[in-house]
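Data first, discussion second: the structure below is written as structure tokens.
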Amino acid sequence: LTGLATAIIFWLGKKIESVLSSPKKAIKVAVVGIAALAIGLWYFVFSPASTTISVITEPSGAAVMVNEVPASETTPLEKYKVDTGKVSIKIQKKEFLTVDTSVVIAYAQHQDLNITLKPSGKISISVNPPDAIVVVDKDTIPMFKLSSLELPVGNHKVSVFHQVYGSKSEEINLKQG
């Protein structure tokens, strides 16, 4: 292998020496070299290779936001062009939980996202006195979310706590919708 590399370097040296001995040859080589460099640079900058994602959901028909910009179509979203790096994705469909996720995509790569949406239901909770604490499934819920709280379909424990009036808990079975 070392002998082959030496032979190639010797051959290139002879070619360069031949080109430098003639100004016309040197100009032609320079023009061809600059043209090749320009074509390579153009290809790198305006390359047809794209950085893309595809978002497929079950069920289909979900709205997709990529980096907080709505995509032009619903799922399945095929080969959607994105910038290189971290890409945030939000997927929404009525009566299903919203999905917030992100992926990191390298230049000219493609990323497939296959997501099964989880059915959801909404509940409204009103409490009096207003300084009571509401906990759903071990999560404290801020007062401003109580009027329209989206949860996964299924059983949930709702508890209300107050310093003076004590606490009360109730099990609910939430249906989709």
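FYI, the numbering just counts along the sequence from 1.
A continuous path of Ile, Leu, Val, Met, Phe, Trp and Tyr side chains, each step under 4.5 Å between heavy atoms, connects Leu113 with Val64, placing both in one hydrophobic cluster. Criterion: ILVMFWY side-chain heavy atoms under 4.5 Å apart, direct or through other members. Under it, Leu174 and Phe96 are not part of a common hydrophobic cluster. Hydrophobic clustering places Val158 together with Val127 (ILVMFWY residues linked when any side-chain heavy atoms are closer than 4.5 Å, directly or through intermediates). One hydrophobic cluster holds both Leu151 and Ile141 under the rule that ILVMFWY side chains link at heavy-atom gaps under 4.5 Å. Residues Val103 and Tyr80 are members of one and the same hydrophobic cluster, defined by side-chain heavy-atom contacts under 4.5 angstrom among Ile, Leu, Val, Met, Phe, Trp and Tyr.
In this structure, Lys81 NZ and His110 NE2 are separated by 13.5 Å, a value rounded to the nearest 0.5 Å. Note that CG of Leu117 is 15.5 Å distant from NZ of Lys94, once rounded to the nearest 0.5 Å. Atom CG of Leu77 is separated from atom OG of Ser60 by 12.0 Å, given to the nearest 0.5 angstrom. Expressed to the nearest 0.5 Å, how far OG1 of Thr140 lies from CZ of Phe161 amounts to 8.5 Å. Rounded to the nearest 0.5 Å, atoms CD1 (Ile56) and CG (Asn114) are 4.5 Å apart.
The backbone N or O of Ala108 lies less than 3.5 Å from a partner atom in the side chain of Thr51, making a donor-acceptor pair. The main-chain N or O of Glu95 is found under 3.5 Å from a side-chain atom of Gln176 such that the two form a donor-acceptor pair. Looking at Thr75, its side chain never comes within 3.5 Å of a backbone N or O of Val55 through a donor-acceptor pair. Judged by distance alone, with hydrogens and angles left aside, the side-chain atoms of Ser124 form a donor-acceptor pair with the main-chain N or O of Ser147 at under 3.5 Å. Between the side chain of Asp137 and the backbone N or O of Lys157, at least one donor-acceptor pair lies under 3.5 Å.
Put simply, the side chain of Val99 does not reach to within 4.5 Å of the side chain of Leu97, judged on heavy atoms. Using a 4.5 Å heavy-atom threshold, the side chains of Pro59 and Lys93 count as touching. Annotation: side chain of His162 is in contact with side chain of Pro129 (closest heavy-atom distance under 4.5 Å). Within the 4.5 Å cutoff, the side chain of Lys90 has no heavy atoms near those of the Val66 side chain. A 4.5 Å side-chain heavy-atom check between Thr98 and Ile91 finds every atom pair outside the cut-off. Val136 has its side chain within reach of Leu149: a pair of non-hydrogen atoms, C-beta onward, lies under 4.5 Å apart.
Residue Ile133 qualifies as open at atom CD1: its count of foreign heavy atoms under 6.0 Å is 12 or below. Counting non-hydrogen atoms of other residues, nucleotides and ligands closer than 6.0 Å to CD of Glu171 gives a total above 12.
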Quiz item: What's the verdict on side chain to side chain contact (heavy atoms under 4.5 Å, CB included) for Ile89 and Ile53, showing C-alpha distance, side-chain angles and the deciding distance?
Solution: CA-CA 10 Å; Ile89 299 154; Ile53 61 169; 4.0 Å; yes

Self-check item: Residues Val87, Asn67; criterion side chain to side chain contact (heavy atoms under 4.5 Å, CB included); working and verdict
Solution: CA-CA 6 Å; Val87 178; Asn67 293 330; 4.1 Å; yes

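Smallest separation of non-hydrogen atoms from Pro130 and Met143: O-CE, 2.9 Å. The two residues Ser148 and Lys122 come nearest to each other via the heavy atoms OG-CD, 3.6 Å. Smallest separation of non-hydrogen atoms from Ala106 and Thr84: C-CG2, 3.8 Å.
When only modelled atom types and interatomic distance are considered, Ser120 and Glu150 share a side-chain donor-acceptor pair under 3.5 Å.
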